[in-house]
Amino acid sequence: MTHPIDTLVIGAGAAGLAAARHLHDAGVSAVVVEARDRIGGRAHTSYDFASHPVELGAEFIHGENVCTWALMERFGMHALDQVPLLNVRGYVDGKLYGHDEFLRSPMIRAAFSMKSVATDWLAAGRGDASLLEVARVTNSERGVSLTAGEWATWSHFFAQYHAADPDQLGAAGWLEPSFENDGVRLNFRITEGYSALLAAFADGLDVRLSTPVQRIEWDAAGVRIHAAGETLDAERVIVTLPLGVLQEGGIVFDPPLPDDKQHAIEGLGAGAIAKIILRFDEQLWPDDLTFLFTERESQVWWRPGRCRDDEAPVLMAFFGGSSVAHFRAFGEDAPLAALDDLETMLGRKLGSHLVSSRFVDWQADPYTRTGYSSVPPGGAGLRDALAAPIGSVLYFAGEATNRNRPATVHGALESGYRAAHEVMSLVR
């Protein structure tokens with residue numbers, strides 16, 4: 001049977017666009033269907049919140065050698081390097097620490113030593129366990145004692161980085177990513193914004209917006225998807241849906257996915273990540289501040305306009321894991337709860353200077369249901385199982401399928417390229 005479309009791609013985030021672009025450029029027809037009225041998925045830039053772009057989703061290019069740079073060069077875009085002006089502070093046990101003092105603190109040493117600690121734990125045959133258990137037992141054995149504030153800040157350090165509290169992160173799965181050859185220079189911000197980069201990437205592709213998929217029928221002969229009142233037939237489909245959407249089961253696979261695939265979907269963690277963005281009428285924080293880690297539920301703060309000539313007085317709180325539910329419980333007052341954290345840390349009232357605010361909760365978004373994925377104890381290997389194609393019909397991409405570079409835009413891009421290569425190995 002010959003289908004009118006070679007390959008359907010579900011999702012116009014970084015993974016879906018990478019797959020479609022790679023196929024399109026190789027002469028393989030690809031149609032992308034996207035539930036939203038925009039492309040980009042969890043990469044979404046606001047161009048009206050401040051005098052410069054503000055990222056509501058993915059914030060940085062993490063690494064000086066990652067594949068995102070090829071797109072930056074291809075489309076003539078620019079980046080701001082955060083490292084030359086890096087200033088990291090911490091608010092722990094009710095005290096605001098400066099850069100040098102905070103980086104020498106027991107909490108930072110405990111956080112930065114976790115890779116070797118977890119590696120030694122598993123090498124000793126102690127079995128997979130949560131990062132929290134590994135840290136507490138190892139610290140106790142080594143006579144390392146952290147205060148309640150240091151433990152809270154340590155926990156928040158991992159929660160914002162992995163979208164899950166450390167008691168939900170398995171040591172073995174946490175060690176799976178390698179990020180090999182990404183480079184030591186981290187945290188570059190795209191001058192034009194992630195949305196501009198992905199819009200350029202999508203130019204010329206057949207992307208059909210506002211087309212949510214409800215059902216995927218598949219067999220050895222091909223696929224039929226039911227989306228927004230229409231049906232589309234194709235030889236195959238690349239599914240790039242966020243893990244949380246797959247877990248929710250809003251999209252029906254007919255027949256159901258094999259047990260090993262469903263086990264991978266259910267076994268991985270669809271982590272929570274959120275942002276609260278506050279714009280003030282003037283700068284009210286130290287001029288050299290870049291990042292501020294805290295024991296409070298807002299976890300880590302940064303300046304979205306850092307290094308820009310036209311920087312607006314904006315601060316952003318970025319937090320993951322159970323802290324997301326903490327702020328979600330405040331409803332429309334979530335930004336005020338974050339403001340309270342900020343006032344406590346800076347030791348001054350700021351409310352009269354607040355101009356506007358925004359709460360972005362990716363887990364609550366019906367088309368993501370995930371900040372980004374994580375691996376619980378006992379979950380090592382599940383990313384590979386999620387990535388594996390089913391016959392020559394169903395393919396899977398997205399950051400959750402990338403064992404080496406999950407939870408990043410470049411990891412999502414790589415997964416899309418990988419899925420496209422898998423398809424092309426059959427159609428050539």
Side-chain angles (χ1 to χ4, degrees), residues 1-36 38-43 66-75 194 197-213 216-227 230-242 245-246 251 253 261 386-402 404-405 408-428:
M1 180 185 299
T2 301
H3 295 287
I5 301 170
D6 287 334
T7 304
L8 277 165
V9 179
I10 301 178
L17 294 177
R21 171 57 64 190
H22 207 61
L23 292 171
H24 176 273
D25 292 352
V28 180
S29 70
V31 172
V32 183
V33 292
E34 166 59 46
R36 302 178 186 276
R38 63 169 180 84
I39 65 166
R42 285 164 282 177
V66 300
C67 66
T68 314
W69 291 107
L71 302 184
M72 296 286 287
E73 182 176 0
R74 177 175 178 176
F75 302 117
Y194 257 117
L197 177 65
L198 293 180
F201 195 33
D203 187 42
L205 297 179
D206 186 347
V207 180
R208 304 180 187 183
L209 301 176
S210 302
T211 309
V213 174
I216 302 173
E217 298 173 0
W218 61 282
D219 58 27
V223 297
R224 169 172 289 177
I225 70 165
H226 299 262
E230 65 175 319
T231 60
L232 294 170
D233 294 327
E235 298 284 345
R236 64 196 66 84
V237 63
I238 299 176
V239 178
T240 73
L241 295 167
V245 174
L246 291 172
I251 295 176
F253 288 85
K261 182 69 68 176
L386 180 58
I390 301 174
S392 58
V393 178
L394 292 182
Y395 298 82
F396 295 83
E399 59 84 18
T401 72
N402 192 329
N404 289 328
R405 295 175 180 86
T408 63
V409 174
H410 59 275
L413 291 169
E414 287 180 344
S415 74
Y417 295 143
R418 183 256 308 149
H421 277 294
E422 291 170 344
V423 167
M424 290 165 57
S425 68
L426 296 176
V427 300
R428 282 181 170 176

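In what follows, residues are counted from 1 in the order of the sequence shown.
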Atom pair CG (Leu413) and CZ (Arg405), whose distance is rounded to the nearest 0.5 Å: 11.5 Å

Within the 4.5 Å heavy-atom criterion, are Val409 and Tyr194 side-chain neighbours or not? yes

So with a 6.0 Å cut-off around CD of Glu73, is the heavy-atom count from everything else above 12? no

What distance separates Leu426 CG from Ser392 OG, expressed to the nearest 0.5 Å? 6.0 Å

Would you confirm whether Ser29, through its side chain, and Asp6, through its main-chain N or O, come within 3.5 Å as a donor-acceptor pair? yes

Please round to the nearest 0.5 Å and tell me the distance separating atom CD1 of Ile390 and atom CZ of Phe253. 7.5 Å

Got a salt bridge between Glu422 and Arg418, using NZ or NE/NH1/NH2 to carboxylate O under 4.0 Å? yes

Is any side-chain heavy atom of Ile216 closer than 4.5 Å to a side-chain heavy atom of Leu8? no

Please check this pair: side chain of Arg21 against backbone of Tyr417, looking for a donor-acceptor N/O pair closer than 3.5 Å. no

Would you verify whether the NZ or CZ of Lys261 falls within 45 degrees of the ring axis of Phe396 while also being under 6.0 Å from that six-membered ring's centre? yes

Answer whether the closest heavy-atom distance between the side chains of Leu209 and Ile39 falls below 4.5 Å. yes

With the side chain counted from C-beta on, respond yes when Thr211 and Leu232 share a heavy-atom pair under 4.5 Å apart, and no when they do not. no

Treating Ser415 as the side-chain partner and Ala397 as the backbone partner, does any N or O pair qualify as donor plus acceptor under 3.5 Å? no

Gap separating the CD atom of Glu399 from the OG1 atom of Thr240, nearest 0.5 angstrom: 11.0 Å

